[in-house]
Amino acid sequence: MFVRLICLTLGNFRTVTKRMANSGATNSRRSSLHGNWSSKLAFILAVTGAAVGLGNIWKFPYMVGVNGGGAFVVIYLVCVFAIGLPIMMSEIMLGRRGRRNPIATMRILGEEEAGQRRWALVGIVGVVAGFLILSFYSVIAGWTVAYVFKAATNAFANTDVTTISEMFDTFVGNPFVIGFWHTAFMTVTVTLVALGVERGLEKAVRIMMPALLALLLILLGYAVNSGGFAQALKFLFEPDFSKVNGEIVLSAMGHAFFTLSVGMGSVMAYGAYLPQEASIAQTSIAVVIADTLIAILAGLVVFPIVFANGLNPAEGPGLVFQTLPLAFGQLAGGGLFGTLFFLLLSFAALTSAISLMEPTVAWVIESYRLSRRAAAFVVGFIIWALGILTVLSFSTLKNATIFKGTFFDNFDYLASNILLPLGGLLITVFAGWVMCSNSSSDELDPAAGYIYKAWRLLARFVAPVAVLIVFLNAIGVFE
Ligand code: PFF
């Protein structure tokens, strides 16, 4: 009630000041410090580029495998649409309203809507999550780049399950080699962020995404005929809820946040450059559907190969690096397809990595008055150094396990299962409860039609309550 009162008062105050400032004209909004996206399509492509990445093709299949299959998939899908989608809409909306880096945006909007600057905390949770995620993301992206070269030199030809697994184990077991690829990937990411060309990349995404999709479809053709397709369908889509526990639900929810890139201000940073007339709902729905389709397709490719070759579905992070090379080794033209596939995947990882750095870099530039180059270098260096712990998690520090496992396991768990849902929870609470309905409807759907009503229901009740229940359930409160 109290919040509503403040909200209404501030809302009215804003309307009056708007009118005063603009004598009733429509455009009294803040403008972005860095210009706008050239078109709606450019924005959709940029957010798709941020969302589609290793999360869809590397992480989704391995998480499904480790968490027992169908039930994980069903919970993940529910989380994507009931929690991820409204949070994505909220994030883009807040970004466009604030038009600054996520920390400044949340501080400005917090002050404007509720007189509280402490909402900047949301941005800070995001910065920490971004550091943790990119530190391991870059290592896995490095594996992907290395596999481009393996495919190009026909290293997968005439192999079987044993040789492919040995190849992977030897590769990740050598910290110098994977450290090298991690360094190479971070160098490219930092260079692109430093040059500020990330917003030009949407043109490349336009070609890359359909190409990645086409290659996945070719692989699907192979997978359908591999002999393991029926078993894979069963594994992916026949849920056995008896095996589900709080941790599995938390992992499915955490993965929904991870794959959509929500909960850490990354999408908010992109929303800051979105032209006022673009529809946030349409954009978000398009991105969420594209992201989900690519993940499911990856699952449909990976698991038939797993079952046809007697591999263990719960293999873990190496799953994709063992199954896909097997397929490329057997396909006619596999050397070429393999090279192209890992190249496209590296590129998809790059556009995601850039989006992971952007909020922090924008914040460092705006707050410490550093140049873009200096900011990108400093942020990139810290992330690179943290990444060394993930590099070593597969060799020297393999047995140095605490809490959820190796450093890599802990970084992933902390970021995906705790920080992103926490950030997302704060974002929906702010967008649904603290922000005045005239501000949110103004941004999302001025006609306050069914889209706005559906969003508000999901953002106020469904998403925050679901995140809370999953958290409490995972720590055993309901047992
Ligand atoms: N969504 C990306 C993926 O699925 O690979 C990973 C990611 C990017 C997570 C950006 C979070 C983020 F802010």
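Worth knowing before you read on, the calculation uses all heavy atoms, side chains too, and leaves out hydrogens, waters and symmetry mates. Indexing begins at 1, ligand by ligand and atom by atom, following the structure's order. Each residue takes its place number in the sequence, starting with 1.
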### Message
If you define the side chain from C-beta out and look only at heavy atoms, does anything of V193 sit under 4.5 Å from R372?
### Response
yes
### Task
Could you tell me whether L260 and ligand 1 have an N or O pair separated by under 3.5 Å?
no
### Query
With a cut-off of 4.0 Å, which atoms of ligand 1 are near a heavy atom of L54?
5 (O)
### Message
Just to confirm my output: which protein heavy-atom neighbour is closest to atom 3 (C) of ligand 1, and how far is it?
### Response
A51 O, 3.2 Å
### Summary
atom 7 (C) of ligand 1: closest protein heavy atom, distance to 0.1 Å, is S261 OG, 3.6 Å
### Query
For atom 6 (C) of ligand 1, which candidate among W58, F60, F257, F258 provides the closest heavy atom?
F258
### Message
Suppose we measure from atom 13 (F) of ligand 1 to each protein heavy atom; which comes out shortest, and what is that distance?
### Response
M264 SD, 2.9 Å
### Message
Looking at every heavy atom in both F257 and G424, which two are closest together, and how far apart are they?
### Response
CE2-CA, 3.8 Å
### Task
Apply side-chain contact (heavy atoms from CB on, under 4.5 Å) to T144 and V148, showing your working.
CA-CA 7 Å; T144 314; V148 173; 5.5 Å; no
### Task
Examine L356 against ligand 1 and note whether any of their N/O atoms are separated by less than 3.5 Å.
no
### Task
State the atoms of ligand 1, each with its element, that fall below the 4.0 Å cut-off from a heavy-atom position in A50.
1 (N), 2 (C), 8 (C)
### From T339 atom OG1 to F342 atom CZ, the distance as rounded to the nearest 0.5 Å
9.5 Å
#### Entry: Which atom of L250 lies closest to which atom of N417, heavy atoms considered
CD1-O, 3.5 Å
#### Entry: G55: numbered ligand 1 atoms lying under 4.0 Å from its heavy atoms
3 (C), 4 (O), 5 (O)
### Message
What I want to know is whether Y137 and ligand 1 share at least one N or O pair that is separated by under 3.5 angstrom.
### Response
yes
### Message
Checking E358 against S266 for the side chain to side chain donor-acceptor pair (under 3.5 Å) test, could you report, in this order, the C-alpha distance in whole Å, the side-chain angles of both residues, the deciding distance, and whether it holds?
### Response
CA-CA 7 Å; E358 182 59 28; S266 177; over 6 Å; no
### Query
Side-chain donor-acceptor pair under 3.5 Å between S138 and W384, yes or no?
no
